[in-house]
Amino acid sequence: MLKRTHSCGELTAEHLGREVVLNGWVNAYRDFGGVVFIDLRDRAGLTQVVFEPEAGTQLQEAAQSLRNEWVIGVRGTVRRRLPGKENPKLQTGEIELQATELEVFNATQTPPFEIDGEANEELRLKYRFLDLRRPEMHRIVEIRHRLAQTMRRTMTELGFWEVETPILGRSTPEGARDFLVPSRIHPGHFYALPQSPQLYKQLLMVAGMDRYFQIARCFRDEDLRANRQPEFTQLDIEMSFVQFEDVLATMEGLVKALSREFTGEELSTPLPRLDYHEAMERFGTDRPDLRFGMELIDLGDLAAQTEFKVFKDTIEHGRRVRGICAPGAAEKYSRKDLDALTSFAGDYGAKGLVWLKVEAEQFTGPTAKFLSPEVQAAFRERFGAKPGDLLLIVADTKDVTSAALSALRHRLGRELKLYDPKSFHYSWVVRFPLFSWDAEEGRYVAEHHPFTMPLPEDLHLLESEPLKVRAQAYDLVINGEEAAGGTIRCHDPAIQSTIFRHLGLSPEEAEEKFGFLLSALRFGAPPHGGIAFGLDRMVMLYAGLDNIRDVIPFPKTAKGTDLMTGAPGTVEEKQLRELHIRQR
RNA sequence: GGGGAUGUAGCUCAAUUGGUUAGAGCACCGGCCUGUCACGCCGGAGGUUGCGGGUUCGAGCCCCGUCAUCCUCGCCA
């Protein structure tokens with residue numbers, strides 16, 4: 001085998017006259033009948049190889065038979081390109097390799113798509129091993145590598161130990177649907193793949209491991225999205241003898257290291273913080289994109305005074321009238337565009353969208369005639385609106401106005417280019433509610449997870465008004481994406497049992513499902529808390545991408561299938577028998 | 001579970017209002033060419049228009065169903 005002495009990305013004028021061997025894939029061939037050029041590609045780059053007739057007929061003919069994506073080894077001499085023939089687009093553009101020997105390792109079938117061309121995603125996923133040859137995919141995989149390495153290095157510097165936890169665990173109530181693995185040895189019993197290493201990491205704290213981290217694979221059997229896969233990766237972290245502030249401060253050290261590595265920017269800490277309730281009120285979401293303003297404005301008091309029935313009725317029913325002011329958007333959105341925005345708001349439950357174009361004297365729009373000059377003036381002042389602005393108003397429940405306006409704000413922010421898409425904004429959203437109410441199941445559900453510690457100042461409400469209790473919970477939000485989330489854990493058995501009761505878990509059920517953790521918490525559990533970063537989403541952010549499949553080497557489709565391997569697939573009857581499984 | 005988009009040559013796309021033999025570029029095969037780097041030139045091969053049914057004198061185009069992929073609401077502590 002012609003074994004390489006250098007990569008295809010490193011030869012320069014420094015190597016002139018040296019005899020070297022390169023290995024790689026044929027990226028392009030240019031056959032002039034006499035002289036033949038090959039661009040040879042490996043992970044490091046491209047190098048031009050020249051085959052000249054003077055080197056012999058046999059080599060010449062071999063070179064002329066080369067095709068794209070063949071895998072070859074070439075021996076030759078590094079020489080300077082002819083004057084004026086340098087290629088400044090290549091790192092190696094000053095030189096070329098004058099070939100003396102060629103070995104074909106593998107002649108390829110015609111690839112189903114061109115490696116440096118475009119192909120639809122379905123085909124790319126079916127032939128992922130070819131798709132991953134593309135330099136863009138190499139760039140992403142390298143970012144992923146650097147992210148993991150920066151995390152490992154920084155966590156180690158901060159005194160954390162990397163510890164592995166089981167993949168085969170047990171199914172616990174609460175949270176997402178589990179992926180189940182049937183037990184062969186125990187008929188009718190199942191393992192569950194972890195939704196996160198949550199319980200194990202708390203046990204590690206009880207075990208005195210003090211500071212733990214893991215780059216952990218997590219599994220959730222829920223429907224997929226552009227930024228959601230059934231298996232994904234988290235940087236999972238837990239620390240002992242800490243309070244709320246300690247976790248945030250420590251994690252800011254990590255965030256600073258990441259920012260330094262990926263954007264070169266030195267973040268100033270502490271990072272901005274936003275209360276959950278304030279975020280919901282000002283932005284309608286618990287993960288606002290703070291790279292631009294356009295905050296949600298409450299119009300309830302003004303709406304009640306108008307002659308517009310929709311507004312009046314909404315307020316009389318105790319609901320909300322809120323809106324946003326899109327700067328300079330009045331001219332940019334046609335009637336058709338506004339219909340599209342109305343339908344878009346409808347996706348989030350809004351039954352309508354009131355739009356008003358702000359002109360020098362008055363508002364225009366179908367609803368303008370219901371608003372007196374006084375009300376219009378008050379709106380204008382409340383929004384800080386200027387002529388040319390577009391007001392978008394939703395009248396509905398708090399939840400619907402939040403969801404619809406937050407989505408509109410996000411969409412318009414992007415369409416109106418209110419921020420630099422390459423910029424980064426980091427902030428904490430803190431003090432989430434401990435519970436929310438699940439109307440379908442008629443019970444409280446944990447907003448984060450069942451082992452979260454309430455805020456000390458809200459403890460007196462835990463019995464009487466659980467929905468008003470806030471948790472010691474925190475999310476790291478980057479550019480409107482939830483990049484990380486965590487809590488201080490409950491290590492007080494009395495509080496924990498009250499929480500279980502609200503969740504509809506009897507002491508017996510709690511013991512049955514979480515006995516091992518409850519037991520551990522009674523055996524000398526230190527105050528502890530932690531957080532988990534969504535590694536895939538962070539790769540997306542730093543790679544500038546908006547699709548999670550692009551940052552996972554072998555991802556699943558939106559229906560959860562793997563187009564390359566065909567998973568999930570059927571199995572032999574014998575396998576099912578061994579697992580004591582009969583198909584319905 | 002609901003809503004929406006897409007599906008034509010190996011790839012990326014085109015095909016007027018339903019009308020002749022479904023085209024182009026790239027890739028592939030053959031030929032020519034000694035300085036290209038998206039090499040160029042000449043020639044060739046390549047099609048179940050996702051699949052099934054229907055309407056029609058006639059369907060890539062219209063209708064019904066179905067499959068796949070994507071986006072999205074619900075869902076995702």
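Letters go in sequence order (proteins before strands), and every chain restarts at 1.
- Judged by distance alone with a 3.5 Å cut-off, no donor-acceptor contact links the side chain of A:Arg80 to the base of B:rG35.
- The nearest whole Å value for the distance from the CD atom in A:Gln64 to the C1' atom in B:rG31 is 12 Å.
- Under the Watson-Crick or G-U wobble criterion, with both distances below 3.5 Å, B:rU21 has no partner in any strand shown.
- Look at CG on A:Leu82: it is 11 Å from C1' on B:rU36, rounded to the nearest Å.
- Nucleotide B:rA14 forms a pair with no other nucleotide shown, judged by Watson-Crick or G-U wobble geometry with both contacts under 3.5 Å.
- Using a 30° and 60° split on the angle between ring planes, A:His528 and A:His491 fall in the tilted class, from 30° to 60°.
- Residue A:Arg67 places its side chain closer to B:rG30 than to any other of B:rC76, B:rU36, B:rG30.
- Pairing for B:rU56 is absent, with no Watson-Crick or G-U wobble pair whose two atom distances lie under 3.5 Å.
- Look at the P atom in both B:rG52 and B:rC61: the space between them is 13 Å, to the nearest Å.
- Counting to the nearest Å, the P atom of B:rC76 and the CD atom of A:Glu447 are 11 Å from each other.
- Each of B:rU36, B:rC76, B:rU12 was ranked by its minimum atom distance to the side chain of A:Glu118; first place goes to B:rU12.
- Rounding to the nearest 0.5 angstrom, the gap separating the OG atom in A:Ser7 from the CG atom in A:Leu40 is 10.5 Å.
- Atom CG of A:Leu66 is separated from atom C1' of B:rA27 by 17 Å (rounded to the nearest Å).
- If you check every strand for non-hydrogen atoms under 4.0 Å, A:Asn227 touches nothing.
- A:His449 and A:Phe451 have tilted rings, their planes meeting at an angle from 30° to 60° on a 0 to 90° scale.
- A donor-acceptor contact closer than 3.5 angstrom links the side chains of A:Gln214 and A:Thr165.
- Atom NZ in A:Lys556 sits about 13 Å away from atom P in B:rC70, given to the nearest Å.
- Applying the Watson-Crick and G-U wobble criteria (two distances, each under 3.5 Å), B:rC75 pairs with nothing in any strand.
- Spacing between atom CZ of A:Arg411 and atom P of B:rC71 amounts to 17 Å, rounded to whole angstrom units.
- Residue A:Ala226 places its side chain closer to B:rC71 than to any other of B:rC11, B:rG35, B:rC71.
- Dashed line: the shortest gap from a side-chain N or O of A:Lys85 to OP1 or OP2 of B:rU36 is under 4.0 Å.
- Remark: P of B:rC70 and CG of A:Asp550 are 11 Å apart, rounded to the nearest angstrom.
- The side chain to side chain contact (heavy atoms under 4.5 Å, CB included) check on A:Leu59 picks up A:Phe51, A:Ala55, A:Leu102, with sequence neighbours excluded.
- Between the OG1 atom in A:Thr285 and the CE atom in A:Met280 there is a gap of 6.5 Å [rounded to 0.5 Å].
- If you measure from atom CD of A:Gln229 to atom C1' of B:rC70, you get 13 Å, rounded to the nearest angstrom.
- Checked by atom type, the side-chain pair A:Glu447/A:Ser436 shows a donor-acceptor distance below 3.5 Å.
- Contact annotation for A:Ser196: base contact, defined as any heavy-atom pair under 4.0 Å involving a base atom.
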Quick tally for nucleotides 38-43 of chain B: nucleotides whose base has a protein heavy atom under 4.0 Å get B, sugar-phosphate-only ones S, the rest -, giving SB----
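- With P as the reference atom, B:rA59 and B:rG53 are 14 Å apart, rounded to whole Å.
- Here the separation of B:rU16 from B:rG31, taken at their P atoms, is 39 Å to the nearest Å.
- Annotation: of the two residues near RNA chain B, A:Pro450 and A:Phe37, the 5′-most nearest-nucleotide partner is A:Phe37.
- Under the side chain to side chain contact (heavy atoms under 4.5 Å, CB included) criterion, A:Thr570 pairs with no residue at all, not counting sequence neighbours.
- Going from the P atom of B:rU56 to that of B:rU17 covers 23 Å, rounded to whole Å.
- With values rounded to the nearest 0.5 angstrom, A:Phe213 atom CZ is found 13.0 Å from A:Lys201 atom NZ.
- Note that OH of A:Tyr444 is 5.5 Å distant from CH2 of A:Trp437, once rounded to the nearest 0.5 Å.
- Comparing B:rA27 with B:rC11, their C1' atoms are spaced 7 Å from each other, to the whole Å.
- If you check every strand for non-hydrogen atoms under 4.0 Å, A:Arg79 touches a base.
- The side chain to side chain contact (heavy atoms under 4.5 Å, CB included) search around A:Asp337 returns A:Tyr333, A:Ser334, not counting sequence neighbours.
- The nucleotide B:rU66 finds its pairing partner in B:rG50, both defining distances of the Watson-Crick or G-U wobble pair being shorter than 3.5 Å.
- Residue-level contact check: A:Glu54 touches the bases, meaning some heavy atom is under 4.0 Å from a base atom.
- B:rU72 and B:rC29: their P atoms are spaced 40 Å apart (whole Å).
- Remark: the A:Thr487 side chain and the A:Arg489 side chain contain an N/O donor-acceptor pair separated by less than 3.5 Å.
- Among the heavy atoms of the strands, none lies under 4.0 Å from A:Glu482.
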When you compare the protein's N or O atoms with those of nucleotides 1-10 of chain B, which come within less than 3.5 Å of each other, and at what distance?
{"unit_1": "B:rG10", "atom_1": "O2'", "unit_2": "A:Pro112", "atom_2": "O", "d": "2.5"}

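- Between the side chains of A:Thr557 and A:Thr561, at least one donor-acceptor pair of N or O atoms lies under 3.5 Å.
- B:rC39 and B:rC32 have their C1' atoms separated by 14 Å, with the value rounded to a whole Å.
- Rounded to whole Å, the separation between the C1' atoms of B:rG2 and B:rC63 comes to 23 Å.
- Classified by interplanar angle (parallel below 30°, tilted 30° to 60°, perpendicular above 60°), the ring pair A:Phe113/A:Tyr127 is perpendicular.
- A:Asn547 CG: more than 12 foreign heavy atoms inside a 6.0 Å radius.
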Close N or O pairs between protein and nucleotides 66-69 of chain B (under 3.5 Å):
{"unit_1": "B:rA68", "atom_1": "O2'", "unit_2": "A:Glu122", "atom_2": "OE2", "d": "2.6"}
{"unit_1": "B:rU69", "atom_1": "OP1", "unit_2": "A:Thr561", "atom_2": "OG1", "d": "3.1"}
{"unit_1": "B:rU69", "atom_1": "O4'", "unit_2": "A:Glu122", "atom_2": "OE1", "d": "3.2"}

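- You'll find a donor-acceptor pair under 3.5 Å spanning the side chain of A:Arg228 and the base of B:rC75, going by distance alone.
- With both pairing distances under 3.5 Å, B:rG40 is matched to B:rC32 as a Watson-Crick or G-U wobble pair.
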